[in-house]
Amino acid sequence: MRGITSLAGLLLCLTFGDVAAQTAYRLQPGDTLQVWIAQEPELTREVVIAPDGWLSFPLAGHIQSAGLSLSELEAQLLDRLKTYFNDKPNLTIMLRPNTQNPQLIYVLGEVATPGAYPYRANMTVLHGLSVAGGVYRTALLAADQDRSVIVRRDVEHSQKRLQELKARIVRLEAELRGEKSIGTTEALAADPALAQEQSLLNARMEALSMEEKAQAQANQLTERNSLAMQEQVDTMTKRIDLAKRRLQSISGLVAKGVTEGSQQMVQEGTIAELEGQISRLTSEIAVAERTKMAELARYDSARQAQRTQLLVELNAAQREQEETAARLADSTRIMTIYGESAASSQQRERRQLGYHVVRTTNGETREFVATEMTPILPGDLLRVVYTDPTKTGDAGAGQPVARAEPRSSEVTRAAR
């Protein structure tokens with residue numbers, strides 16, 4: 001009952017006590033901390049201080065936490081995280097009481113699943129390797145090998161497609177500027193895609209030239225017809241003037257009774273017929289002019305539509321170029337991973353697996369080389385590494401070695 005009461009008191013103190021009460025405690029390996037950051041809820045998590053006293057936290061990296069108070073650790077975290085926030089991070093750290101006080105071991109390095117695992121009596125290094133999923137292997141499976149072939153083909157196709165798109169963009173931009181060439185003779189000979197686009201540009205420019213020529217010939221024909229009809233109108237206008245003068249003379253003779261009135265009527269009919277012909281020719285000239293203007297408008301509209309189509313094609317080509325470049329980057333990265341995995345597997349096959357145990361006794365931390373049968377104690381950190389037998393042959397099991405800091409990736413994975 002007293003134990004439960006004491007534990008409840010500790011929990012109440014940690015949760016609701018003032019800062020002075022929290023700073024009185026010095027952190028130790030194995031302590032579990034709850035960290036909250038108000039601005040970034042995704043960074044809220046529980047972290048465990050490793051047996052060697054180090055704590056790992058995203059963005060902040062690794063901090064030697066053993067022996068620090070909560071306020072001192074909070075100050076170090078704030079100092080490392082402040083560069084990633086516009087305002088001062090709203091950071092809270094709380095020591096989580098461990099009611100069950102589990103005994104753990106920590107396994108990291110070249111294992112399938114690094115992390116903390118419950119300790120069992122009489123555990124050895126081999127047991128620790130087993131609970132961590134065994135040795136980490138990166139050999140390519142048959143399915144991965146098939147996938148690598150597909151990815152390699154995608155890389156080749158994307159590279160070829162990028163070259164084609166580059167040539168197309170050059171041709172479209174040149175066509176929009178009205179240029180007739182997109183490269184020198186040497187450049188066209190060295191780049192088949194560019195040569196193909198030059199051929200397409202030649203065909204399009206020839207079609208445009210023929211259309212312009214036909215338009216010019218139609219305009220000339222319309223102008224000649226209009227001029228011919230205008231000459232006829234001028235001639236008929238002169239004939240009407242002459243007919244009117246004759247009509248005036250005949251009208252005078254009719255008034256004197258020298259000639260008959262029928263001649264006057266004939267002359268008036270001639271004038272009316274000539275005026276009718278002038279009216280018809282004037283209408284035809286107006287129709288021809290309207291047809292010419294409509295044809296010019298149609299031609300300008302077609303040219304504008306062609307330019308708009310060129311802009312659409314250019315935009316589509318540029319967008320496809322960006323997508324293809326991104327896909328090529330992803331495929332290249334995958335091929336790099338496959339290549340590194342295969343090379344790493346071959347390299348590891350030529351090396352030997354080694355074991356290092358980091359153990360803290362009476363506040364003193366030491367690291368020593370172990371074998372598969374070396375016993376593990378609660379709180380031990382087992383590091384599984386590949387070693388060069390030509391350089392480690394003198395190191396025996398149980399012999400201390402120089403203290404080495406864990407790799408950042410190993411500590412991070414173990415802290416998770």
Side-chain angles (χ1 to χ4, degrees), residues 39-43 58-59 83-86 138 140-215 294-344 409:
Q39 292 93 330
E40 287 293 338
E42 294 183 357
L43 291 178
L59 301 181
T83 57
Y84 299 97
F85 295 85
N86 294 329
T138 58
L140 290 179
L141 302 176
D144 293 330
Q145 294 175 355
D146 293 341
R147 173 62 177 163
S148 67
V149 173
I150 297 175
V151 174
R152 185 180 297 107
R153 290 176 180 173
D154 186 63
V155 169
E156 295 173 355
H157 177 268
S158 297
Q159 291 174 340
K160 180 180 179 181
R161 185 57 180 163
L162 276 178
Q163 188 175 9
E164 294 173 349
L165 289 171
K166 180 181 178 181
R168 177 179 298 180
I169 290 173
V170 171
R171 189 261 300 170
L172 290 171
E173 291 175 342
E175 193 169 354
L176 284 169
R177 294 191 298 266
E179 299 175 358
K180 297 182 179 181
S181 176
I182 58 177
T184 62
T185 304
E186 293 77 8
L188 296 177
D191 190 345
L194 199 63
Q196 183 176 1
E197 291 297 331
Q198 179 64 62
S199 299
L200 179 58
L201 178 61
N202 293 339
R204 293 172 70 99
M205 296 301 289
E206 183 178 357
L208 178 61
S209 177
M210 292 178 62
E211 186 176 356
E212 291 176 347
K213 184 177 180 180
Q215 179 67 26
E295 185 63 22
L296 288 174
R298 184 201 66 77
Y299 178 75
D300 292 340
S301 177
R303 292 288 296 136
Q304 184 61 38
Q306 184 182 21
R307 182 174 181 81
T308 301
Q309 181 62 29
L310 288 174
L311 291 173
V312 171
E313 292 179 8
L314 177 60
N315 183 58
Q318 291 173 338
R319 184 170 58 252
E320 185 180 354
Q321 185 185 43
E322 294 176 357
E323 295 172 352
T324 304
R327 185 167 61 252
L328 175 60
D330 292 339
S331 300
T332 302
R333 184 165 54 253
I334 293 173
M335 287 302 302
T336 302
I337 293 173
Y338 282 143
E340 290 178 351
S341 298
S344 178
S409 59

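The analysis underlying the following values was restricted to heavy atoms, covering all of them including side chains, and did not include hydrogens, waters or symmetry mates. The chain is numbered in sequence order, starting from 1.
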Closest non-hydrogen atom pair between [X] and [Y], with its separation:
X: A174; Y: S181; value: CB-O, 4.4 Å
X: E211; Y: A302; value: OE2-CB, 4.4 Å
X: S331; Y: D154; value: OG-OD2, 2.7 Å

Apply the test salt bridge (charged side-chain N to carboxylate O under 4.0 Å, His left out) to residues R153 and E156: give CA-CA distance (whole Å), side-chain angles for both, the deciding distance (0.1 Å), then the verdict. CA-CA 5 Å; R153 290 176 180 173; E156 295 173 355; over 6 Å; no
Inter-residue atom distance [X].[atom1] - [Y].[atom2], 0.5 Å rounding:
X: L188; Y: S199; atom1: CG; atom2: OG; value: 8.5 Å
X: K180; Y: L208; atom1: NZ; atom2: CG; value: 9.0 Å
X: L59; Y: T83; atom1: CG; atom2: OG1; value: 8.0 Å
X: L310; Y: R204; atom1: CG; atom2: CZ; value: 5.0 Å
X: I182; Y: R168; atom1: CD1; atom2: CZ; value: 12.0 Å
X: E313; Y: E320; atom1: CD; atom2: CD; value: 12.0 Å

Going by atom types alone, do N202 and E206 pair a side-chain donor with an acceptor below 3.5 Å? no
Salt-bridge criterion met for E175 and R171 (N-O under 4.0 Å): yes
For R303 and Q215, what are the C-alpha separation, side-chain angles and deciding distance, and is it a side chain to side chain contact (heavy atoms under 4.5 Å, CB included)? CA-CA 12 Å; R303 292 288 296 136; Q215 179 67 26; over 6 Å; no
Under 3.5 Å: donor-acceptor pair, side chain of Q318, backbone of I169: no
S158 and side chain to side chain contact (heavy atoms under 4.5 Å, CB included): which partner among D330, L328, T332? L328
Against L165, only a single residue in R319, E322, Q321 fulfils side chain to side chain contact (heavy atoms under 4.5 Å, CB included); can you say which? Q321
Between Q304 and D300, is there a side-chain heavy-atom distance shorter than 4.5 Å? no
